[in-house]
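Indexing begins at 1, ligand by ligand and atom by atom, following the structure's order. Values below: every heavy atom of this structure, side chains too, minus hydrogens, waters and symmetry copies.
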Amino acid sequence: MANVTTHTFDAIIVGGGGAGLMAALYASREIDVAVISKLYPTRSHTGAAQGGVGAALGNMEEDNWEWHAYDTVKGSDYLADQDAVDVLCKEAIPTIIELEHMGLPFDRFPDGTISQRRFGGHTNKNTGKPVMRACHAADRTGHMILQTLYQQCVKNNVNFFDEFHVVDLIRVDDTVRGVVAIEIATGDFHVFHSKAVLFASGGWGRCWEVTSNAHSLTGDGAAICLRRGIPMEDMEFFQFHPTGIFKLGILITEGVRGEGGVLINGKGERFMEVYAPNIKDLASRDVVSRAIYLEVQAGRGINGKNYVHLDVTPETVNYYYEKDGEDRRISREYIEAKLPDIADFTRTYLGVDPVTEPMPVQPTAHYAMGGIPTDANGRVFMNAANDVIPGLYAAGETACVSVHGANRLGTNSLTDLVVFGRLAGVDMAKYCKTAELAPLPDNPAAQIMVEFARLRDNKGKVKAYEVRNKMQTTMTKNVSVFRTEETMREAIANLKILRQEYLDVEVQDKSKQFNTDLLEAWELGCLLELAEVTAVSAITRPESRGAHARDDYPERNDEDWLKHTFCFKVGEGAYELDYKPVVIDRYQPKPRVY
Ligand SMILES: Cc1cc2nc3c(=O)[nH]c(=O)nc-3n(C[C@H](O)[C@H](O)[C@H](O)COP(=O)(O)OP(=O)(O)OC[C@H]3O[C@@H](n4cnc5c(N)ncnc54)[C@H](O)[C@@H]3O)c2cc1C
């Protein structure tokens, strides 16, 4: 094979975000690991996470992991697997303490314990009132997690292949043998031969037009697995965060509401009091996103437009915090200290000073609850019967454990990364210590090289960005905060046309070095496939649950639909669905009370 270098490691980790680095750190204590990342690791989207990481430390008020588990299950609209949720919430506590000991600079309470704040859906089970559970480092929590983990990985001699773009998984029958990647700087193909592969490649918010997600979040790992016969679980559940900056989608953390911020409609009313009388602005994200959408539809957006205001100005907000044993009212000083990045974003992008003016916000595509199906040790299932494919792992946003079910609570993704990243890293090391390195098939890169040659040399009439724009428009219009049979039919029909157009895409840059034009065209193929899987999974679920809200089926249907969707790719544009029951133990489904 021309220009193909082969590398060998015990295990390959695709992705240098929080999940990938946590897995790498733990696995590297036992085995030889390489992290391959298309971005320099500290540029991963984890670094953009603002508000906090959930763990029931109970530093300021009573809390315990069982309340955290209950909130997570309730927030998931009962679709989360409760055994996995227990692992998430129990393990969160020692994992956060461990991160603290690694040097993560959390904010602190005056007594030296980690500072915690309120976040949507996190409550005291006895009183139903919000509880302080989000551990944070100002509004740069993800950034601090990423930097801390990266330093620890460097210290532990993890091998890094930065700016290498993974484009294929080497699967032989029911075993994995490694991955194929392109070195972005040279355009050369590399084969990474290993006993185990872990995908920690993040989400795919770029399927939608208005999104909080970075440009790189194109679902590559999930799409690669799908093409190699791995099903995608619960893809119909994609979270829209209620407070993205109007038009831009850039996220305004829920931490703003955690610190007392309120949502206001065009009539100057606090409308969340109507939709969630108990928990109001801190209701879970699906509820708040739908409320904003309905206010706008009823003509109560600001100036009749499709946005509302998020107001944290001390003038409006009646919020007190404790300092030196005294209750103090929220102030400029407090906002600048607790939400410095948010203040900076809104000043830079909107010319709005959040201390004196409200911020214009609208729902923004934010988080994939679904993805590559795994158990709590990150082992990937190849079917709905829970058969594991040995050596294949996934963790972080690309995985579906499933702890978020139909809707994720704020702060639970960072918890998911560190808890399940760690468990997957440990399990993978255990696996590699006994597994043999199976031989590579002949020319493992040949198939994907043919696809790249086709993309590069294609003399088509369409530009990748045109197809991408159309995909984002149809997903935003038809598979969004609300959906119906009719809108999803339209999305599926449009995506089918776009799949054909994609074959006609012309890549203008024909060079080898840093050919981001070519790589972005390939990423678009991933997005198109995941968009189709999302629409196909969604149209077959005739109920409303969590983030999947159907106008034509507004009720949750536990009798028939308390189950996980598995979507398999069986040909170009051909998908088959299967289902498996949800693991329910302590918490029987109850109607939602807002
Ligand atoms: C703006 C924003 C704010 C958020 N705030 C919070 C919060 O406060 N609390 C919370 O719990 N959650 C938050 N989230 C969600 C959370 O940050 C993400 O779900 C999480 O960080 C995802 O981490 P990850 O490790 O799975 O992937 P990422 O951090 O997205 O990393 C993906 C990695 O995969 C690599 N990669 C991808 N494709 C390839 C490929 N083909 N080849 C090689 N490498 C590849 C990338 O280079 C990158 O290193 C927020 C998300 C956003 C977008």
Side-chain angles (χ1 to χ4, degrees), residues 12-24 35-55 92 117 119-120 134-137 139-143 145-146 149-150 160-169 179-184 192 198-206 211-224 239 241 243-245 249-255 258 285 341-342 345 364-369 371-372 394-399 404 408-418 420-421 519 522-523 526:
I12 296 297
I13 292 173
V14 183
L21 294 185
M22 196 72 178
V35 171
I36 309 178
S37 179
K38 68 179 179 181
L39 304 174
Y40 189 75
T42 51
R43 299 181 70 92
S44 304
H45 192 73
T46 298
Q50 303 165 351
V53 47
R117 63 176 156 217
F119 239 78
C135 310
H136 59 98
D139 54 0
R140 306 184 187 107
T141 313
H143 174 87
I145 291 180
L146 203 55
L149 290 176
Y150 185 60
F160 280 98
F161 290 84
D162 301 334
E163 301 188 340
F164 276 63
H165 202 134
V166 172
V167 288
D168 204 2
L169 168 69
V179 297
V180 183
I182 294 178
E183 183 177 3
I184 299 175
F192 290 84
L198 184 148
F199 281 97
S201 43
W204 43 92
R206 287 278 148 187
T211 175
S212 65
N213 282 199
H215 281 279
S216 58
L217 291 173
T218 50
D220 308 0
I224 289 170
Q239 179 168 81
H241 192 294
T243 59
I245 293 183
I250 298 172
L251 195 78
I252 305 285
T253 174
E254 202 165 293
R285 290 174 178 178
D341 272 8
I342 292 304
F345 288 161
T364 183
H366 185 56
Y367 182 84
M369 267 78 71
I372 306 168
E397 189 169 338
T398 198
H404 310 303
R408 170 174 76 78
L409 289 191
T411 77
N412 268 359
S413 171
L414 292 179
T415 313
D416 172 341
L417 309 183
V418 292
F420 294 115
L519 287 166
W522 179 81
E523 287 174 340
C526 297

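The distance criterion of under 3.5 Å between nitrogen or oxygen atoms is met by G52 with respect to ligand 1. Considering backbone and side-chain N/O of T253, none are found under 3.5 Å from N/O of ligand 1. Looking at ligand 1, you won't find any N or O of W522 less than 3.5 Å from one of its N or O atoms. Note: no N/O pair closer than 3.5 Å links T415 and ligand 1 by distance alone. Considering backbone and side-chain atoms together, N213 places no N or O closer than 3.5 Å to any N or O of ligand 1. Checked against a 3.5 angstrom limit, the closest N/O atoms of V166 and ligand 1 fall inside it. Considering both main-chain and side-chain atoms, S413 comes within under 3.5 Å of ligand 1 through a nitrogen or oxygen pair. Between G410 and ligand 1, no N or O atom pair is found at a separation short of 3.5 Å. Checked by distance only, ligand 1 and L251 stay at 3.5 Å or farther apart across all their nitrogen or oxygen atoms. Close N/O approach between S37 and ligand 1 is found [any backbone or side-chain N/O within under 3.5 Å].
With M22, H45, R140, H136 as candidates, the residue nearest to atom 52 (C) of ligand 1 on a non-hydrogen basis is H45. Among H241, E523, E254, R408, the residue whose heavy atom sits closest to atom 14 (N) of ligand 1 is R408. The heavy atom nearest to atom 50 (C) of ligand 1, out of those in H366, K38, H165, Q50, is found in H366.
Near F164, with a cut-off below 4.0 Å to any heavy atom, the atoms of ligand 1 are 42 (N), 43 (C). Contact atoms of ligand 1 toward A19: 25 (O) (distance under 4.0 Å to a heavy atom of the residue). Heavy-atom contacts of G15 reach the following atoms of ligand 1: 33 (C), 34 (O), 35 (C), 49 (O) (cutoff under 4.0 Å). Those atoms of ligand 1 with a heavy atom of L39 less than 4.0 angstrom away are 47 (O). Remark: ligand 1 atoms within the under-4.0 Å shell around heavy atoms of N412 are 11 (O). Near D220, the atoms of ligand 1 lying under 4.0 angstrom from a non-hydrogen atom of the residue are 38 (N), 39 (C), 40 (C), 41 (N). Listed by number with element, the atoms of ligand 1 under 4.0 angstrom from any heavy atom of A49 are 3 (C), 4 (C), 5 (N), 6 (C), 7 (C), 13 (C), 17 (O). Atoms of ligand 1 found under 4.0 Å from any heavy atom of L217, numbered from 1 in the order shown, are 30 (O).
Atom CD of Q50 is separated from atom CZ of R140 by 10.5 Å, given to the nearest 0.5 angstrom. Atoms CD1 and CG, on I224 and D168 in that order, are 6.5 Å from each other to the nearest 0.5 Å. Atom CD1 of I342 sits about 7.0 Å away from atom CD1 of I245, to the nearest 0.5 Å.
The closest approach between S212 and ligand 1 falls below 4.0 Å for a heavy atom of the residue. Heavy-atom separations between R43 and ligand 1 are all 4.0 Å or longer. Close to ligand 1: T411, with a non-hydrogen atom less than 4.0 angstrom away. In this structure, T141 does not count as a contact residue of ligand 1, since none of its heavy atoms falls inside 4.0 Å of the ligand. Look at G221 and you'll find every heavy atom at least 4.0 Å from all atoms of ligand 1. Not a single heavy atom of P41 sits closer than 4.0 Å to an atom of ligand 1. For A200, the heavy-atom gap to ligand 1 drops under 4.0 angstrom.
Between the R285 side chain and the R408 main chain, no donor and acceptor come within less than 3.5 Å of each other. Of the possible donor and acceptor atoms, one in the side chain of E397 sits under 3.5 Å from a partner among the backbone N and O of A368. Of the possible donor and acceptor atoms, one in the side chain of T364 sits under 3.5 Å from a partner among the backbone N and O of S212. Although no hydrogens or angles enter the test, the distance criterion places a donor-acceptor pair under 3.5 Å between the side chain of S44 and the main chain of G16.
Between the side chains of H366 and N213, not a single donor N or O lies within less than 3.5 Å of an accepting N or O.
The two residues T398 and G202 come nearest to each other via the heavy atoms CB-O, 3.4 Å. Between F199 and L169, the shortest heavy-atom distance links the atoms CE1-CD1, 4.1 Å. Between A134 and G52 the shortest heavy-atom distance is CB-CA, 4.4 Å. The heavy-atom pair separating H165 from D220 by the smallest distance is NE2-OD2, 2.9 Å. The minimum heavy-atom distance linking S216 with L39 is given by the pair OG-CD1, 3.6 Å.
Between K38 and E523 there is a salt bridge, since at least one side-chain N of the basic residue sits less than 4.0 Å from a carboxylate O of the acidic one.
The side-chain heavy atoms of I182 and L519, taken from C-beta on, include a pair separated by under 4.5 Å.
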